[in-house]
Amino acid sequence: MEHIRCLILGSGPAGYTAAIYASRANLSPVVYEGLQPGGQLTTTDMVENFPSHPEPISGPELMDLMRQQVEKFGVEIRQHICMKSDLSQRPYRFTFDDNSEVTADAVIIATGATARFLGLESEEKYRGMGVSACATCDGFFYRKKTVAVVGGGDTACGEALYLAGLASKVYLIVRKPFLRASQILQDRVKNNPKIEILFETNTLELYGEGGVEGGRLVYRKGQPDERIYELPFDGFFLAIGHKPNTEVFKPWIETDENGFIKTEGATPRTNIPGVFAAGDVADPLYRQAVVAAASGCKAAMEAEKYLL
Ligand code: NAP
């Protein structure tokens, strides 16, 4: 079986930064890109808060630049997804979606997080037929149409603004009476004439024949002035947060109640020696590309110390 000195799982800013540092430290890292090569930023429209880019840069372009930098240091990048791990003894053992197996001395888990859905039956039914969790990927199909975005955070506001550039009308469905996004995004959303915010509103179901034609919404659920109504729209975009991709490591790695990997204080050390966590998979708080990149750096430095 192939043995890898420093295995990196994931190819977002955390995985790629870990690869750059690990390679420069002669740890011969191998990166497995995972389910979403390039990570969540590949589904982000414009990034304007990653230092060193004074002009907005598209998420895919930013990730491509990071990948190029990783390749420049001769790191091997593989396209497979980790399906199983055995962290019960060293060297640690991993199985991938092509049934290949490797062992590794040090491991950096940078598998990121995946978009959450509301859990409605109709949401499943219309997945890919009007329901999406990625405006950048699917927004194009809604030119001059009406769409709804669910969520009140930075992602929802970013998606609503992106969609407002394509669609004729965007409803932002927010369950609370306020947005939790950063002020700059809130201001942009509120000042965009195409966006209408529906505060204190939840989605009960989606309806339509052969695709989404609208949603049954409830305003102020459980309150005396509760109102249930139907709102026609063609696309329904989820932006209600993410679930960390930790299933594969769960039997071994300690996670919090939401599945985020627990690390030792400010370090990327997990409960298993030689296994480190970086990026959104271990970050329920900040979830920023620059924070993920920094944690990838820390993980590689810890791996170096561990391997020495
Ligand atoms: P988030 O901040 O956790 O916001 C999730 C939103 O979805 C909240 O408004 C939440 O409502 C709502 N929500 C959650 N579950 C829901 C449900 N079942 N039904 C209806 N609404 C629901 O997630 P995020 O917007 O993806 O952001 C995650 C992190 O990434 C944040 O730290 C954010 O700052 C960062 N981010 C930054 C940028 C940037 O440009 N700097 C862009 C994207 C993301 P409640 O408020 O009621 O909980």
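Counting starts at 1 for both ligands and their atoms, following the listed order. All residue numbers refer to positions in the sequence shown, counting from 1.
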Within the 4.5 Å heavy-atom criterion, are Ser11 and Tyr16 side-chain neighbours or not? yes
Could you tell me whether the side chain of Ile253 reaches within less than 4.5 Å of the side chain of Thr246, counting heavy atoms only? no
Proximal ligand 1 atoms for [X], defined as those under 4.0 Å from one of its heavy atoms:
| X | result |
| --- | --- |
| Gln288 | 30 (O), 32 (O), 33 (C), 34 (O), 35 (C), 36 (N), 37 (C), 41 (N) |
| Gly153 | 4 (O), 6 (C), 9 (O), 25 (O) |
| Leu118 | 17 (C), 18 (N), 19 (N) |
| Arg287 | 3 (O), 28 (C), 29 (C), 30 (O), 35 (C) |
| Lys176 | 45 (P), 46 (O), 47 (O), 48 (O) |

Nearest protein heavy atom to [atom], by residue and atom, and its distance?
| atom | result |
| --- | --- |
| atom 20 (C) of ligand 1 | Arg175 CD, 3.6 Å |
| atom 7 (O) of ligand 1 | Ile240 CA, 3.3 Å |
| atom 41 (N) of ligand 1 | Asn49 ND2, 2.8 Å |
| atom 24 (P) of ligand 1 | Thr155 OG1, 3.1 Å |
| atom 32 (O) of ligand 1 | Tyr286 O, 3.1 Å |
| atom 46 (O) of ligand 1 | Arg180 NE, 3.0 Å |
| atom 23 (O) of ligand 1 | Gly241 CA, 3.8 Å |
| atom 38 (C) of ligand 1 | Asp154 CB, 3.6 Å |

Should the proximity of Leu285 to ligand 1, defined as any heavy atom under 4.0 Å, be assigned to the side chain, the backbone, both, or neither? backbone
At under 4.0 Å between heavy atoms, what of Arg116 touches ligand 1? The answer is neither
Is the gap between the ring centers of Tyr219 and Phe199 under 6.0 Å?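 Distance test on ring centres: not under 6.0 Å, no.
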Centroid-centroid under 6.0 Å between Tyr171 and Phe233 rings: no
For ligand 1, find out whether one of its N or O atoms is nearer than 3.5 Å to an N or O atom of Asn202.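 Min N/O separation from ligand 1 is not below 3.5 Å for Asn202.
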Looking at ligand 1, does any of its N/O atoms fall within less than 3.5 Å of an N/O of Gly152? yes
Glu71 vs Arg67, salt bridge (charged side-chain N to carboxylate O under 4.0 Å, His left out): CA-CA, chis, key distance, verdict: CA-CA 6 Å; Glu71 282 170 339; Arg67 192 183 207 277; 2.4 Å; yes
Please work out which of the three classes, parallel, tilted or perpendicular, describes the rings of Phe276 and Tyr306, given edges at 30° and 60°.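 Tyr306 vs Phe276 ring planes: perpendicular.
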Is [X] salt-bridged to [Y], going by a charged N under 4.0 Å from an acidic O?
| X | Y | value |
| --- | --- | --- |
| Arg175 | Glu200 | no |
| Glu76 | Arg78 | yes |
| Asp280 | Arg287 | no |

Any sub-3.5 Å donor-acceptor pair from Glu123's side-chain atoms to Gly119's backbone N or O? yes
Worked verdict on Leu238 versus Arg116 for side-chain contact (heavy atoms from CB on, under 4.5 Å): CA-CA 7 Å; Leu238 282 310; Arg116 279 186 196 282; over 6 Å; no
